[in-house]
Amino acid sequence: MTPATVAIVIATPRGLRHLASSSERAAAGPAEDVLRGLGAAVRSASFWVQCADPAAQARLTSYLWDVKAEILAEPTE
């Protein structure tokens, strides 16, 4: 079993979501799904990325901020 090298915690209005993955790419998809699943409630969500590779941590953090901004920019019904 390969240990997780990336851990992401997403604080949502309903509680914490903990995601762990063996790669940066494998962590990005599920984290994005959680954020998108929040819809407009993503405004109050926050997240933390933990990774041994500082560059990967910075890329994932930036990516998730971009996802959050994209969700907030979407028109509401």
Side-chain angles (χ1 to χ4, degrees):
M1 179 173 195
T2 304
T5 57
V6 178
I8 300 173
V9 177
I10 302 174
T12 74
R14 294 188 177 171
L16 299 176
R17 296 289 309 265
H18 298 265
L19 305 168
S21 184
S22 60
S23 74
E24 179 181 354
R25 181 177 296 275
E32 179 178 349
D33 291 343
V34 169
L35 292 176
R36 289 196 182 281
L38 293 172
V42 76
R43 181 177 309 284
S44 61
S46 55
F47 50 84
W48 299 267
V49 178
Q50 193 170 21
C51 181
D53 179 354
Q57 180 179 4
R59 281 190 302 272
L60 271 170
T61 300
S62 177
Y63 174 73
L64 294 176
W65 275 113
D66 288 347
V67 168
K68 183 174 178 176
E70 183 179 304
I71 296 165
L72 291 172
E74 291 174 354
T76 57
E77 296 177 19

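All of these numbers come straight from a predicted model, not from anything done at the bench.
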Are there over 12 heavy-atom neighbours, none belonging to [X], within less than 6.0 Å of that residue's [atom1]?
| X | atom1 | answer |
| --- | --- | --- |
| Trp48 | CH2 | yes |
| Arg43 | CZ | no |
| Arg17 | CZ | no |

Nearest-0.5 Å distance, CD1 of residue Ile71 to CG of residue Asp66 = 11.0 Å

task = Quick one: pull up CG in Leu35 and CD1 in Ile10 and give me the separation to the nearest 0.5 Å.
result = 4.5 Å

request  = I would like to know whether Leu64 and Ile8 meet side chain to side chain contact (heavy atoms under 4.5 Å, CB included); could you show each step before the answer?
outcome  = CA-CA 10 Å; Leu64 294 176; Ile8 300 173; 4.2 Å; yes

Kindly give the heavy-atom pair with the smallest separation between [X] and [Y], and that separation in Å.
| X | Y | answer |
| --- | --- | --- |
| Ala40 | Leu72 | O-CD2, 4.4 Å |
| Trp65 | Phe47 | N-CZ, 3.5 Å |
| Leu19 | Ala31 | CD1-CA, 3.5 Å |
| Ala27 | Val6 | CB-CG1, 3.6 Å |
| Glu24 | Ala56 | OE1-CB, 3.5 Å |

query = Can Val67 be reached from Leu38 by stepping across I, L, V, M, F, W or Y side chains whose heavy atoms are under 4.5 Å apart?
reply = yes

inquiry  = Are Val9 and Val34 linked, directly or through intermediate hydrophobic residues, by side-chain heavy-atom contacts shorter than 4.5 Å (ILVMFWY only)?
reply    = no

key: Sequence-distant partners of Gln50, side chain to side chain donor-acceptor pair (under 3.5 Å), two or more places apart   = none

query = Within the distance-only criterion (no hydrogens, no angle test), does the side chain of Ser62 pair as donor or acceptor with the backbone N or O of Arg59 below 3.5 angstrom?
reply = no

